[in-house]
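Here's the structure we're looking at; comments come further down.
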Amino acid sequence: MLANRTDGSGGLLTRLRIVRRQPDLLYDEFASFQPLFFHSIPEGNECIKANAKSCGECIQVGAKCGWCMDHGFLKQGEATSTRCDELGSLRKRGCSSTKVENPRGSQRVLKNKAVTNRNKGEGKLRPEDITQVQPQKLTLSLRSGEPQSFNLKFKRAEDYPIDLYYLMDLSYSMKDDLENVKNLGTHLMLEMSKITTDFKIGFGSFVEKTVMPYISTTPAKLLNPCTGDQNCTSPFSYKNVLKLTSNGQEFNTLVGQQHISGNLDSPEGGFDAIMQVAVCGEHIGWRNVTRLLVFSTDAGFHFAGDGKLGGIVLPNDGKCHLENNMYTMSHYYDYPSIAHLVQKLSDNNIQTIFAITEEFQPVYKELKNLIPKSAVGILSANSSNVINLIIDAYNSLSSEVILENSKLPEGVTIMYQSRCKNGVTGEGEMGRKCSNISIGDDVSFTISITAKQCPKMGKPETIKIKPLGFNEEVEITLNFICECDCHKDGIENSDICHNGNGTYECGACRCNEGRIGRQCECSTNEVTSEDLDKSCRKDNGTDICSNNGDCVCGTCECKKRENPEERYSGMFCECDNFNCDRSNNKLCGGHGHCECRVCICDANWTGSACDCSLDTTTCLASNKQICNGRGTCECGTCKCTNPKFQGPSCEICPTCPGVCAEHKECVQCRAFGTGEKKDTCERDCSYFNLIKVKDRDKLPQPGQAFPLMHCKERDANDCWFYYTYAVNKTEKEVHVVETLDCPAGPDIIPIVAGVVAGIVLIGLALLLIWKLLMIIHDRREFAKFEKEKMNAKWDTVREWRW
């Protein structure tokens, strides 16, 4: 690739995203992926719906279905397909368990070699002697709808051999990277010896298809595609430089002899090279060990369809085309698609490490999401970090195990459940893998395989399950149970089947071609004759088989109902067992069974719906009298002859004297939390429903459909409370006024004020009286004084005169 580039990673990244988001536009990119289908479960009884005519057809409907082999099992009007039903329903209908054909699936482990417990340095083992997956081979017998499950164990072995093939882009821009890779062999050998003692390394290079417009085809450019005085080798598509070897020095020597080449466009032909590395196992030298492919480039890639630019339209055939270690068909076949690469890398257990520059990291991360067991590492500008990149990527890949299975036969599904390290579990797609696995860690998977139907030919099928990137696998042989065991004992041309017109097997006739009927008594040419239909009309009416069945060979075969418990029967399908009277929404009240639309009641029950009990124990009163001697027992319930008495045994009299006093304490404790029973209220007083009302006007009034007693009682505080007591059928109801009616107490403030005022007034009155008396007294004394004064004055005058 020339240094002057105009195309970046954006266009290629957009194309990859189209591949991921719109698989219908590029179907070939995803041809190897198998979508998951979810089958809707039909409502009702699938065994009845299947209308199976033989035992083999019946057991293929589902795991719940069984076939009754009892010759006398069918009632008049029932078709042969009625023998196929759910197991519980067959037992209820009188088919003995020994007469029910219900084969079950099974499994058998054929090879179960234990996983290898081996530590590094214990001694070298051949790769084929190391076991990481257990079991290795088993056989499953599958019954339709019945899953067969087994456990798969995986354990990473210590010191497991590794093959690493380094595939490098030798376009011009990788010139400085090539210098660092020349010494990669010995250095990488040294680092990998810390992981395994059995390591091999190989080298290959690629540039581009040798046609226009990918390279210049002028004679001079074909010799030296580089510009100026740069000496480059001729362009090529892919070259296998070094087969896998354990000699690191040989790797350094051969890589040191490589030269840079060049091309015109930005994306490279790396996919052609990856395909050849994957499928040319003998040329590369792959062993049945861990296989790593390091893909090193600083550019994007061409994939399927891009070959049209060079006039190449034939799809890549996915085969090896190496001659003298050179890919010779690059001008003939198009680039492989991503899906094609995924398939071939998976088939050959190759794990890919993309060592790319930071510019193209988004492109290859999108590619990684499409290729399982692949990793992306960022190269430095001159690939100086390539060894650390490879070690980190290997550790990342080897710490995760992902299970994949080969193509499943039609109608077979598989489910995975993982039990990983530290108790981590997964289901669905996450059940296929475990992460963060270290060497020596055990992980296990529960794998369930279910057949929805028998294959067309019914022959055994083989599938394989393996962990991606590992050469070990589990081989599973699937045998399908398509016929019942009783099929082998069938009597061909049996006399039971109308003079040999069918095979008598599993309790029923399987008619020869052209014959129909329960006993193959009719020819298909006779089923529409008027004479035969006439015998299917009841009382010479117009309805054939009462519109509840079909006339087959002059005999009514009644229709089947969705509910297996419901059936038509009778010579003219005139009867059924589901149209009888009901009580409490139960057929025949749950105390009988329906025969020809009439309830046949159990013992001690009577009535059209078996809802009338003849048992009188429910009518006994506490005095052991029926209905307390005040009523009659009808259908287990008392009918009181005296309207004053109520209740289930005519013992309750809401209007009798003493009712109010009898319930006073319970009403008081429940309504107001007071009274003698306040501590035992919950235990003693829960026999009635309490309803509070705001005032007396809200209490129920006489005239109701049931007797009612109004009560007025007084508590210890002389407060009155009002309530009503009534029995409504079997429910006792008490309505109580929520507030107490207590007598009003004296008004303290006016009394005190009056007393104080009285005292003050009396005091003032006394003061006034005292003051008045003092005034009177003073006036009297003053008058006396004046009088004495006058007397003294007259005495003086008299003396003077004298």
Side-chain angles (χ1 to χ4, degrees), residues 618-632 637-759 761-762:
T618 56
C619 295
L620 289 177
S622 56
N623 58 9
K624 303 302 180 182
Q625 288 185 326
I626 293 178
C627 299
N628 197 29
R630 296 185 172 89
T632 58
T637 303
C638 282
K639 300 293 183 181
C640 302
T641 54
N642 188 335
K644 291 175 57 178
F645 288 87
Q646 299 179 9
S649 56
C650 300
E651 293 182 277
I652 300 173
C653 181
T655 59
C656 293
V659 170
C660 293
E662 179 184 353
H663 303 291
K664 169 189 172 183
E665 296 297 336
C666 282
V667 173
Q668 186 179 353
C669 77
R670 288 190 59 184
F672 309 107
T674 59
E676 296 179 1
K677 292 188 177 182
K678 65 178 182 179
D679 295 329
T680 61
C681 192
E682 185 175 349
R683 183 191 68 194
D684 299 338
C685 301
S686 59
Y687 59 87
F688 59 82
N689 295 328
L690 183 71
I691 303 169
K692 292 184 178 182
V693 298
K694 290 188 176 182
D695 51 54
R696 295 174 64 182
D697 294 337
K698 303 295 184 182
L699 290 173
Q701 300 302 315
Q704 310 253 355
F706 45 87
L708 182 73
M709 188 70 175
H710 276 262
C711 300
K712 176 183 178 182
E713 297 292 335
R714 185 165 57 183
D715 64 10
N717 297 321
D718 288 335
C719 294
W720 296 93
F721 58 94
Y722 303 89
Y723 67 93
T724 62
Y725 180 82
V727 180
N728 182 2
K729 295 181 180 179
T730 59
E731 294 289 332
K732 300 174 183 178
E733 291 185 353
V734 171
H735 289 72
V736 61
V737 178
E738 62 184 4
T739 56
L740 293 167
D741 185 6
C742 298
D747 197 345
I748 302 300
I749 294 176
I751 293 174
V752 173
V755 172
V756 172
I759 294 172
L761 290 174
I762 292 171

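Quick caveat: nothing in here was measured; it's all calculated off a predicted structure.
- For K698, the NZ atom is loosely surrounded, since the number of other residues' heavy atoms within 6.0 Å does not exceed 12.
- Interatomic distance, T739 OG1 to R696 CZ, rounded to the nearest 0.5 Å: 10.5 Å.
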From CA spacing to verdict: disulfide (SG to SG under 2.5 Å), C627, C640
CA-CA 7 Å; C627 299; C640 302; over 6 Å; no
Start with the C-alpha distance between F688 and V667, add both sets of side-chain angles, then the distance that settles side-chain contact (heavy atoms from CB on, under 4.5 Å), and finish with yes or no.
CA-CA 9 Å; F688 59 82; V667 173; 4.2 Å; yes
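- Scanning all heavy atoms of the two residues, the minimum distance from C681 to C666 falls at SG-O, 4.5 Å.
- Between C650 and G631, the shortest heavy-atom contact is SG-CA, 4.4 Å.
- Judged by distance alone, with hydrogens and angles left aside, the side-chain atoms of H710 form a donor-acceptor pair with the main-chain N or O of P700 at under 3.5 Å.
- Here the NE2 atom belonging to H735 is positioned 3.5 Å from the CD1 atom belonging to I691, to the nearest 0.5 angstrom.
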Under the disulfide (SG to SG under 2.5 Å) criterion, do C638 and C619 qualify, and how do the steps go?
CA-CA 6 Å; C638 282; C619 295; 3.9 Å; no
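- Minimum interatomic distance between F672 and E738 (heavy atoms only, all atoms of both residues): CE2-O, 3.4 Å.
- Here D684 contributes atom CG and D679 contributes atom CG; the two are 10.5 Å apart, rounded to the nearest 0.5 Å.
- Across all their heavy atoms, V736 and A671 have their closest contact at CG1-CB, 3.9 Å.
- Put simply, the side chain of I626 reaches to within 4.5 Å of the side chain of L620, judged on heavy atoms.
- The two residues L740 and F721 have their closest heavy-atom pair at CD2-CB, 3.6 Å.
- Sequence neighbours left out, the pairs with a member in residues 661-672 that pass side chain to side chain donor-acceptor pair (under 3.5 Å) are H663-Y687, Q668-T674.
- Using modelled atom types, one side-chain atom of D715 and one backbone atom of N717 make a donor-acceptor pair closer than 3.5 Å.
- When each of V755, V756, L761, I762 is tested with I759 by the rule side chain to side chain contact (heavy atoms under 4.5 Å, CB included), just one qualifies, namely V755.
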